[in-house]
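Once you've had a glance at the structure underneath, I'll fire off some questions.
The shown structure was predicted, so the numbers you read here are calculated from the model rather than taken from an experiment. Numbered from 1 within each chain, the chains take letters A, B, ... in sequence-line order.
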Amino acid sequence: MGLDPASLRLDQQLLQFMDQLEILEEKRQKLNTLIEEGWFNISKARYSMGNKHVSALQYASDMEPLVHVYESQTEKGDVEFKCVRTEDKAEELRESDTVETIGPTEGGLRRRVNVKKKENKEEKDTSKDECEKDPQFNSTSEKSPCRHQDPLKWFGILVPQNLKQAQTAFKEVITLAAEISTLQSAIVKTRLEMQSQMKDKQKIVSELKE
Amino acid sequence: MAGRGKLIAVIGDEDTCTGFLLGGIGELNKNRKPNFLVVEKDTSVTEIEETFKSFLTRNDIGIILINQFIAEMIRHAIDAHMQSIPAVLEIPSKEHPYDSSKDSILRRAKGMFSADDFR
């Protein structure tokens with residue numbers, strides 16, 4: 001009686017399993033191509049910069065991760081990995097830092113020198129500026145602990161374009177790696193489910209025989 | 001996405017590690033412990049295995065990337081890891097292209113259709 005629904009469920013899961021394997025294969029190929037591209041660009045950069053300039057010796061003594069992985073359990077029970085890059089936020093902060101730190105310090109110096117010479121009206125104007133600029137200055141000091149150095153700078157300030165291309169390729173690889181990990185988790189989960197349903201089906205078959 | 005995100009660890013040859021560190025995954029924690037291992041000619045299998053096991057026990061690591069030829073050296077340790085976190089991902093290396101028949105996950109998936117599964 002219960003054999004047909006069990007077989008149907010198994011068939012559906014088998015199809016799902018095959019789909020997942022197909023997607024995994026596609027992503028794997030993409031990952032392999034990107035990694036190869038990355039290596040090729042690293043080799044090109046090494047050729048133009050010199051052998052010792054692109055090696056493990058150049059790694060910084062202080063490293064901060066620019067990528068984090070967030071994992072979450074889906075409804076089905078498998079784990080989903082999501083890649084989040086903090087680099088963009090840090091760059092925005094750094095850009096705003098440079099604009100703010102140069103501006104207020106110069107303004108402050110000018111104000112001190114000119115205080116004696118200028119009239120009261122001008123003083124009022126500068127005091128207004130001070131009110132406007134001071135909060136910005138304070139905000140830079142708050143932001144300063146957040147320093148994310150671009151790993152490209154470990155290898156020099158003016159690095160070849162190839163190294164930048166390698167970085168871009170590996171950034172994509174990292175995102176893909178998170179996607180593949182999610183898929184792998186789903187595949188393992190589907191496999192376990194199929195195994196348990198296979199056992200259920202075996203039970204039903206043996207019961208029917210008896 | 002509550003809480004702090006986890007790290008991606010790498011065990012690989014110099015170029016693989018350099019590439020991934022360029023991508024921004026590198027970290028040296030408060031104890032100056034890195035989340036990567038550059039495997040060179042003179043790196044022992046014991047060292048690789050210990051590093052892999054230490055990555056498995058660290059709760060701030062979400063994914064471990066490992067070159068497939070290095071994974072082959074510590075296959076028993078990789079096969080013994082059954083949890084989904086951290087996820088272990090085998091990647092190709094410069095001298096050894098990726099072989100899906102060696103991948104631990106795909107071998108498990110292949111096992112789905114073996115006689116053992118019908119017992």
**Request:** Could you tell me whether the side chain of Tyr59(A) and the main chain of Thr18(B) form a donor-acceptor pair under 3.5 Å?
**Result:**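 Yes; judged by distance alone, with no hydrogens or angles, the pair exists.
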**Asked** Which atoms form the tightest heavy-atom contact between Pro65(A) and Glu27(B), and what is the distance?
**Response**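 Smallest interatomic distance, heavy atoms only, reads CD-CG, 3.4 Å.
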**Asked** Looking at side-chain heavy atoms only, is the closest gap between Gln184(A) and Ile63(B) below 4.5 Å?
**Response**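 SC-SC contact between Gln184(A) and Ile63(B) ruled out.
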**Item:** Identified side-chain contact (heavy atoms from CB on, under 4.5 Å) partner of Tyr98(B) from the options Ile35(A), Leu31(A), Asn32(A)
**Value:**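 The residue from Ile35(A), Leu31(A), Asn32(A) that satisfies side-chain contact (heavy atoms from CB on, under 4.5 Å) with Tyr98(B) turns out to be Asn32(A).
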**Item:** Contacting moiety of Ser61(A), where chain B heavy atoms sit under 4.5 Å
**Value:**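 For Ser61(A), heavy atoms of backbone and side chain both lie under 4.5 Å from chain B.
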**Item:** Distance (rounded to the nearest 0.5 Å) between Ser181(A) OG and Ile105(B) CD1
**Value:**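 Reported value, rounded in 0.5 Å steps: 9.0 Å.
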**Request:** Return yes if some donor-acceptor pair links the side-chain N/O of Glu71(A) with the main-chain N/O of Ile85(B) below 3.5 Å, else return no.
**Result:**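 No, Glu71(A) side chain to Ile85(B) backbone: no donor-acceptor pair under 3.5 Å.
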**Part of Leu152(A) lying under 4.5 Å from any heavy atom of chain B** =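 The answer is both parts of Leu152(A).
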**Request:** Against chain B, label Val69(A) side chain, backbone, both or neither, depending on which of its atoms sit under 4.5 Å from a heavy atom there.
**Result:**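 Both backbone and side chain.
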**Asked** So which of Val54(A), Ile42(A), Asp78(A) has the largest heavy-atom pair count under 4.5 angstrom toward chain B?
**Response**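 Looking at each of Val54(A), Ile42(A), Asp78(A) in turn, Ile42(A) comes out on top.
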**Item:** Lys94(B) atom NZ, over 12 foreign heavy atoms within 6.0 Å
**Value:**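 Counting other residues, nucleotides and ligands, NZ of Lys94(B) exceeds 12 neighbours.
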**Message:** Does any backbone or side-chain atom of Ala169(A) lie under 4.5 Å from a heavy atom of chain B? Answer side chain, backbone, both or neither.
**Reply:**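 Neither the backbone nor the side chain of Ala169(A) comes within 4.5 Å of chain B.
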**Asked** Taking all atoms of both residues into account, what is the closest heavy-atom pair of Leu65(B) and Ala177(A), and its distance?
**Response**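 Nearest heavy atoms, Leu65(B) then Ala177(A): CD2-CB, 3.9 Å.
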**Message:** Tell me whether the count of non-hydrogen atoms from other residues, nucleotides or ligands lying under 6.0 Å of NE2 in His81(B) goes above 12.
**Reply:**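 Correct, the count exceeds 12.
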**Item:** Side chain to side chain, Leu22(B) and Trp154(A), heavy atoms closer than 4.5 Å
**Value:**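 Leu22(B) does not reach Trp154(A) side chain to side chain.
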**Prompt:** Heavy-atom distance under 4.5 Å to chain B: side chain of Ser72(A), backbone, both or neither?
**Reply:**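 For Ser72(A), neither part sits under 4.5 Å from chain B.
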**Item:** Residue selection (most heavy-atom pairs with chain A, distance under 4.5 Å) from Leu28(B), Ile91(B), Val88(B), Asn35(B)
**Value:**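 Option with the top pair count is Leu28(B).
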**Prompt:** Looking only at heavy atoms, what is the nearest atom pair of Asp15(B) and Arg46(A), with distance?
**Reply:**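 Where Asp15(B) meets Arg46(A) most closely, the heavy atoms are OD1-NH2, 2.6 Å.
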**Message:** Do Leu21(A) and Leu106(B) make a side-chain contact, defined as non-hydrogen atoms from C-beta onward lying under 4.5 Å apart?
**Reply:**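 The answer is yes; the side chains approach within 4.5 Å.
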**Request:** Quick one: which of Asp60(B), Asp103(B), Ile61(B) has the most heavy-atom pairs under 4.5 Å with chain A, could you say?
**Result:**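 So the answer, after comparing Asp60(B), Asp103(B), Ile61(B), is Asp103(B).
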**Prompt:** Got a donor-acceptor contact below 3.5 angstrom from the Gln167(A) side chain to the Gly23(B) backbone?
**Reply:**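 No, Gln167(A) side chain to Gly23(B) backbone: no donor-acceptor pair under 3.5 Å.
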**Item:** Over all atoms of both residues, closest heavy-atom pair of Ser185(A) and Ser84(B)
**Value:**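 Scanning both residues, the minimum pair turns out to be OG-CB, 4.4 Å.
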**Prompt:** Looking at Leu21(B), Val38(B), Ile25(B), which makes the most heavy-atom pairs under 4.5 Å with chain A?
**Reply:**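 Max contact count across the listed options: Leu21(B).
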**Request:** Report yes if the side chains of Glu14(B) and Ser55(A) come closer than 4.5 Å at any heavy-atom pair, otherwise no.
**Result:**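 Sidechains of Ser55(A) and Glu14(B): in contact.
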**Request:** Let me know if Leu163(A) has heavy atoms under 4.5 Å from chain B in its side chain, its backbone, both or neither.
**Result:**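 Contact with chain B is through both the backbone and side chain of Leu163(A).
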**Proximity breakdown for Ser43(A) and chain B, heavy-atom pairs closer than 4.5 Å** =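 Side chain only.
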**Prompt:** Does Ile180(A) reach the side chain of Glu90(B), with side-chain heavy atoms less than 4.5 Å apart?
**Reply:**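 They are not in contact (no side-chain heavy atoms under 4.5 Å apart), so the answer is no.
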**Message:** To the nearest 0.5 Å, what is the distance between CZ on Phe170(A) and SG on Cys17(B)?
**Reply:**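 Result: 9.5 Å between the selected atoms.
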